[in-house]
Amino acid sequence: MTWDDLDAHLDRVPGTVSAYVGRLDAPPTWTRHPDAAHYAASTMKVAVLAALHRAAEAGTLDLDAPVPVVNDFDSAQPGAPRFANAQHYDNDDAVWDRLGGTATLRWLADRMIVRSSNLATNLVLGHVGLPAVAEVWALAGARNSVTGRGIEDFAAREAGITNTVTAADLAALLGTLATGADTPGHLASPAACTTMLDVLLAQEHREDLAAGLPEGTRIAHKNGWVRGVRHGAGVVLPDDAPPYLIAVCTTTDLAGGDDVEDDACLLLAHISAQVWAARHQL
């Protein structure tokens with residue numbers, strides 16, 4: 001396979017397929033529409049995770065202090081009614097089991113990533129605030145990604161307030177976390193970056209990028225999907241080659257919104273497998 005062959009294959013896919021592939025701290029080896037904006041789906045949760053750990057390091061939030069688990073949130077649209085999440089649209093009953101009780105922000109952040117819980121995300125976002133997430137994107141060098149609202153904030157969505165990402169920006173954010181784990185960075189301390197990578201390594205939704213890798217290959221990643229959208233972004237850690245970044249964003253009718261093996265999911269796995277095969281030449 002050559003990168004031109006992969007591009008030719010993706011040219012036949014309906015919609016927009018964006019990608020960024022390359023080593024850490026190096027120019028990308030292959031990109032495809034890397035700055036095209038896509039609805040973020042759950043990939044924005046990585047920026048929320050980073051904002052939480054930054055707040056903890058600044059001493060403004062305690063990761064291990066219990067907070068109320070509620071389902072009632074301020075809309076990002078001024079003057080709009082408060083909104084709530086729907087349990088059937090979530091991926092993690094464990095958070096809902098604590099409704100009316102408490103949980104630590106650390107536990108909620110873990111569920112936000114490993115199970116992609118929407119309720120956990122809005123709870124964490126309510127504590128860190130949208131400006132802190134915007135600061136994370138800026139510090140990571142993202143140029144086009146915006147986290148404008150919480151999940152299922154339909155009033156804000158109708159007002160045109162949305163969440164967008166690009167393949168290049170997701171790669172920049174994950175690359176900042178990965179390199180910051182080894183050297184002091186401007187986003188978070190090495191210890192905090194390592195903690196965040198450990199959470200991403202524990203990801204339980206492994207149907208797309210991870211499915212294209214050999215069994216047991218480590219990948220610190222986050223995916224996201226709704227009808228018409230399927231994304232995956234991560235840091236792959238081979239045993240026989242240096243780590244590499246891969247971010248693939250798709251806006252396509254192939255994405256049915258299911259989390260197991262729709263055609264967009266299989267497409268991401270195919271791209272991941274092709275990149276894996278070329279890992280020594282990245």
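Nothing here was measured: the structure is a model prediction, and the numbers come from that model. Worth knowing before you read on, the calculation uses all heavy atoms, side chains too, and leaves out hydrogens, waters and symmetry mates. For reference, positions follow the sequence shown, starting with 1.
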Quiz item: Salt bridge between D240 and R279, side-chain N to carboxylate O under 4.0 Å?
Solution: yes
Practice problem: Could you check if a side-chain atom of F73 sits within less than 4.5 angstrom of a side-chain atom of E152, using non-hydrogen atoms only? | Solution: no
Exercise. Using the side-chain hydrogen bond (donor to acceptor under 3.5 Å, both in side chains) rule, collect all pairs that involve residues 133-142, keeping only residues at least two apart or in two chains.
Key: R54-E135, W137-T147
Quiz item: Any side-chain heavy atom of D198 within less than 4.5 Å of one from T195?
Solution: no
Self-check item: A80 backbone acceptor or donor facing S75 side chain under 3.5 Å
Solution: no
Side-chain donor-acceptor pairs of residues 98-107 under 3.5 Å, sequence neighbours excluded:
unit_1 : atom_1 : unit_2 : atom_2 : d
T104   : OG1    : W107   : N      : 3.1
R106   : NE     : D64    : OD1    : 2.8
R106   : NH2    : D64    : OD2    : 3.0

Quiz prompt | Residue of the set N71, D74, N85 for which side-chain hydrogen bond (donor to acceptor under 3.5 Å, both in side chains) holds with N122 | solution = N85
Quiz prompt | With sequence neighbours excluded, residues passing ring pair (Phe, Tyr, Trp, His ring centres under 6.0 Å) with W3 | solution = W30
Self-check item: D93 side chain to W96 backbone, donor-acceptor under 3.5 Å
Solution: no
Quiz item: Checking side chain to side chain contact (heavy atoms under 4.5 Å, CB included) for the pair L267/T252: CA distance, chi angles, key distance, verdict?
Solution: CA-CA 11 Å; L267 177 66; T252 170; 5.7 Å; no
Quiz prompt | In one Ile/Leu/Val/Met/Phe/Trp/Tyr side-chain cluster, 4.5 Å: F154, Y39 | solution = no
Quiz item: When hydrophobic residues are tied together by side-chain contacts of less than 4.5 Å, even through go-betweens, does I113 share a cluster with V236?
Solution: no
Quiz item: Any link between I161 and V229 through a network of hydrophobic side chains (Ile, Leu, Val, Met, Phe, Trp, Tyr) touching at under 4.5 Å?
Solution: no
Exercise. Evaluate whether atom CG of D62 has more than 12 neighbouring non-hydrogen atoms of other residues, nucleotides or ligands under 6.0 angstrom away.
Key: yes
Exercise. Quick one: closest heavy-atom pair of I219 and A210, and the distance?
Key: CG2-CB, 4.0 Å
Quiz item: Is there a side-chain contact between V146 and T162, using heavy atoms and a 4.5 Å cut-off?
Solution: no
Quiz item: What closest approach, in Å, do C249 and A167 show between heavy atoms, and which atom pair accounts for it?
Solution: SG-N, 3.8 Å
Practice problem: Provide the full list of salt bridge (Lys or Arg N to Asp or Glu O under 4.0 Å) pairs with a residue in residues 162-185, sequence neighbours left out, each pair given once. | Solution: none
Quiz prompt | Check against side chain to side chain contact (heavy atoms under 4.5 Å, CB included), R206 and H221 | solution = CA-CA 9 Å; R206 301 182 60 83; H221 69 120; 4.0 Å; yes
Quiz prompt | Reported CD-to-CD1 distance for the pair Q274 and I246, which is rounded to 0.5 angstrom | solution = 10.5 Å
Quiz prompt | pair S18-V248: side-chain heavy atoms closer than 4.5 Å | solution = no
Quiz item: Looking only at heavy atoms, what is the nearest atom pair of A159 and Q77, with distance?
Solution: CB-OE1, 3.3 Å
Quiz prompt | Contacts of H38 that satisfy ring pair (Phe, Tyr, Trp, His ring centres under 6.0 Å) - sequence neighbours left out | solution = H231
Quiz item: Can you tell me how far CG of L245 sits from CG of L174, rounded to the nearest 0.5 angstrom?
Solution: 7.0 Å
Self-check item: Minimum heavy-atom distance between Y20 and A168, given as atom pair plus value
Solution: CD1-CA, 4.0 Å
Quiz item: Is L201 close to L237 at the side-chain level, that is, under 4.5 Å between some pair of heavy atoms?
Solution: yes
Self-check item: Derivation of the side chain to side chain contact (heavy atoms under 4.5 Å, CB included) call for Y244 and V275
Solution: CA-CA 10 Å; Y244 64 86; V275 175; 3.5 Å; yes
Quiz prompt | For S116, the option from K45, R111, Q203 that meets side-chain hydrogen bond (donor to acceptor under 3.5 Å, both in side chains) | solution = K45
Practice problem: May I ask you to check whether over 12 heavy atoms, not counting those of D5, lie within 6.0 Å of atom CG? | Solution: yes
Exercise. Would you check if the side chain of T250 reaches a backbone N or O of R230 as a donor-acceptor pair within less than 3.5 Å?
Key: yes
Self-check item: From L125 atom CG to L130 atom CG, the distance as rounded to the nearest 0.5 Å
Solution: 5.0 Å
Self-check item: Main-chain N/O of P214 paired with T217 side-chain donor or acceptor, under 3.5 Å
Solution: yes
Quiz item: Is any side-chain heavy atom of R23 closer than 4.5 Å to a side-chain heavy atom of P243?
Solution: no
Quiz prompt | Qualifying residue for side chain to side chain contact (heavy atoms under 4.5 Å, CB included) with S117, from I151, D92, L108 | solution = D92
Self-check item: Min side-chain heavy-atom separation L200-V114 under 4.5 Å
Solution: no
Quiz item: Counting distance only, does the side-chain N/O of D90 pair as donor-acceptor with the main-chain N or O of L119 below 3.5 Å?
Solution: yes
Quiz item: Taking the side chain as C-beta and beyond, is there a heavy-atom pair between H127 and L61 under 4.5 Å?
Solution: yes
Quiz prompt | Residues which pass ring pair (Phe, Tyr, Trp, His ring centres under 6.0 Å) with H9, listed by chain and number, not counting sequence neighbours | solution = H270
Quiz item: Looking at CG of N91 and CZ of R115, how far apart are the two atoms once the value is rounded to the nearest 0.5 Å?
Solution: 6.0 Å
Quiz item: Does any N or O in the side chain of E57 come within less than 3.5 Å of the main-chain N or O of S189, such that one atom is a donor and the other an acceptor?
Solution: yes
Quiz prompt | Stepwise side chain to side chain contact (heavy atoms under 4.5 Å, CB included) check, S272 with L213 | solution = CA-CA 7 Å; S272 181; L213 302 173; 3.6 Å; yes
Quiz item: Going through the distances and angles, do D11 and R32 end up as a salt bridge (Lys or Arg N to Asp or Glu O under 4.0 Å)?
Solution: CA-CA 10 Å; D11 285 342; R32 177 185 174 85; 3.0 Å; yes
Quiz prompt | Side-chain donor or acceptor of N163 paired with backbone N/O of A40 under 3.5 Å | solution = no
Self-check item: Residue pair A178 / V235: nearest heavy atoms and the distance that separates them
Solution: CB-CG2, 4.0 Å
Exercise. Working to the nearest 0.5 Å, report the span between CG of D208 and CG of L266.
Key: 10.0 Å
Exercise. Output the distance between atom CE (M44) and atom CG (L170), rounded to the nearest 0.5 Å.
Key: 11.5 Å
Quiz prompt | Over all atoms of both residues, closest heavy-atom pair of T194 and A181 | solution = OG1-CB, 3.5 Å
